[in-house]
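Okay, so here's the structure we're looking at.
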Amino acid sequence: MKATALANSNIALVKYWGKRDERLILPNNSSISMTLDKLHTTTTIEFSDRYKEDSLKIDGRKVVDGEEFGRAVHQLNLVRKMSQSHLHARVESENNFPKAAGLASSASGFAALTLAATKALGLHLDKKELSVLARQGSGSACRSIYGGFAEWQMGTRPDGSDSYAKQIAPKEHWPELCMVVTVVTQEEKKIKSRPGMSQTVANSPLYKAWLETVEGDLEKVRAGILEKNFQLLGATAEVNALKMHATMHTATPHIIYWEPRTITLMKEVMRMREEGLEGYFTIDGGPQVKILCLEKDAKKIMKRAREVKGVQETMLCQAGEETKIIEKGLF
Ligand code: 2P0
């Protein structure tokens, strides 16, 4: 009745932005991501009749109500329903990176929660079933079930049964591909992705253009990964991120996740490219900049990023492993 899961976060190379069903978390477009090896969430769950209610601790802090608690309990309820259990759970979770600052904590968080909860209740789900379930906790979590590179296929069915991720390639496919993750602020963002997304879908005049061009980006990024064509992958991913941010910048009220340091880093990546140091940036729902590069340039690019004033941390990541069960629990 107790299990611990470790899930890596993932960074989208073609972003998921906008839902067609907010309750089931069904997206308006497919997306592609790279699972990272160094940003992870560890979650231990125990179900027991000793517990009179669900309890949740994240990074040592008790979470007793609010949206975070509600979303975790909703996910536990989905798993309880599948296994016809009425037991309450004790959940403890730890991230090794700043939460809710655009480093995809909800992706690794809900992937770990989903696997640990199903295992603790004795369910044996395959990856597709886990992906469908994780998606209902947080959309991007369905991609973190897989290692390497994954594509979340948006699906068309109203019940969401065909909206889940599949692996494009395992991490061993392209070990030279790196992502330098930079942290420019540890602060939690003021507007979460969820309201940010719905605000954009509701009224950004550019949202239509986003949907019209995303299929082309998916094709290029898929090919870039499979053919290990770094220029194609990087250039497409960079413009895809800028397009997503352009939809937010033009929503009413608008959402600007970038800080001055974010823009300085973007410019620095462009400058490096002019000098022959090939890197491409991507940015999610937050101010952090992630730089795609090849291993041969990674150290130099990290050094250059670290020299940008205000950059607090840089981490060199490669493609990481799938969400898995581990022995060592948090309690
Ligand atoms: C992504 N993001 O593809 C995009 C790019 C942020 C920017 O998925 O509402 O936390 O829980 O499904 O997954 C962040 O949104 O949102 C996200 P919900 P989620 O990675």
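The figures here come from the full heavy-atom set of this structure, side chains too, leaving out hydrogens, waters and symmetry mates. When a ligand or atom number is given, it counts from 1 through the structure's own listing order. Heads up: numbering here begins at 1 and tracks the sequence.
- No chain of hydrophobic side-chain contacts below 4.5 Å, direct or via other Ile, Leu, Val, Met, Phe, Trp or Tyr residues, connects V64 to V91.
- Residue-level proximity to ligand 1 for E22 is absent, since no heavy atom of it falls below 4.0 angstrom.
- For ligand 1 and M197, the ligand atoms under 4.0 Å from any heavy atom of the residue are 15 (O), 16 (O).
- With hydrogens and angles left out, the side-chain atoms of N10 and T35 include no donor and acceptor closer than 3.5 Å.
- At a 3.5 angstrom cut-off on N or O pairs, S31 does not count as close to ligand 1.
- Every atom of ligand 1 is numbered from 1 in the order shown, and the set under 4.0 Å from a heavy atom of I25 is 12 (O).
- Close approach of ligand 1 to S106 is summarised as follows: ligand atoms under 4.0 Å from at least one heavy atom of the residue are 10 (O), 19 (P).
- Taking every heavy atom of K19 and a limit of under 4.0 angstrom, the matching atoms of ligand 1 come to 9 (O), 12 (O), 18 (P).
- Residue contacts with ligand 1: N10 is placed with no nitrogen or oxygen under 3.5 Å of a nitrogen or oxygen of the ligand (distance criterion only).
- Across the listed options F110, W152, Y16, W17, Y16 owns the non-hydrogen atom lying nearest to atom 3 (O) of ligand 1.
- Separating the OG1 atom in T182 from the CD atom in E268 is a distance of 11.5 Å, to the nearest 0.5 Å.
- Residue K15 has at least one heavy-atom neighbour below 4.0 Å for each of these atoms of ligand 1: 3 (O), 5 (C).
- Residue-level proximity to ligand 1 for S193 is carried by the side chain, the only part with a heavy atom below 4.0 angstrom.
- Side chains of K328 and T42: a donor-acceptor N/O pair is absent below 3.5 angstrom, by distance only.
- No side-chain N or O of S108 forms a donor-acceptor pair with one of S144 less than 3.5 Å apart.
- In the vicinity of A12, heavy-atom distances shorter than 4.0 Å reach the ligand 1 atoms 1 (C), 3 (O), 20 (O).
- Nearest-heavy-atom check against atom 20 (O) of ligand 1 across R143, M248, R194 picks out R143.
- By the 6.0 Å contact criterion, CD on E275 is enclosed, its count of non-hydrogen atoms from other residues, nucleotides or ligands being greater than 12.
- Within the 4.0 Å heavy-atom criterion, both parts of S140, backbone and side chain, lie near ligand 1.
- The atoms of ligand 1 that sit less than 4.0 Å from any heavy atom of R71 are 11 (O).
- Using cut-offs of 30° and 60° on the angle between ring planes, the pair F149 and H173 is perpendicular.
- No hydrogens or angles considered: a donor-acceptor pair under 3.5 Å links the side chains of N29 and W210.
- Not one N or O of M244 is nearer than 3.5 Å to an N or O of ligand 1, by distance alone.
- Of the residues listed (D284, T200, V214, L211), the one engaging W17 in a side chain to side chain contact (heavy atoms under 4.5 Å, CB included) is T200, and it is the only one.
- Aromatic ring pairs are classed by plane angle as parallel below 30°, tilted from 30° to 60° and perpendicular above 60°; the pair H249 and W258 is perpendicular.
- For ligand 1, the atoms lying closer than 4.0 Å to a non-hydrogen atom of G285 are 6 (C), 7 (C).
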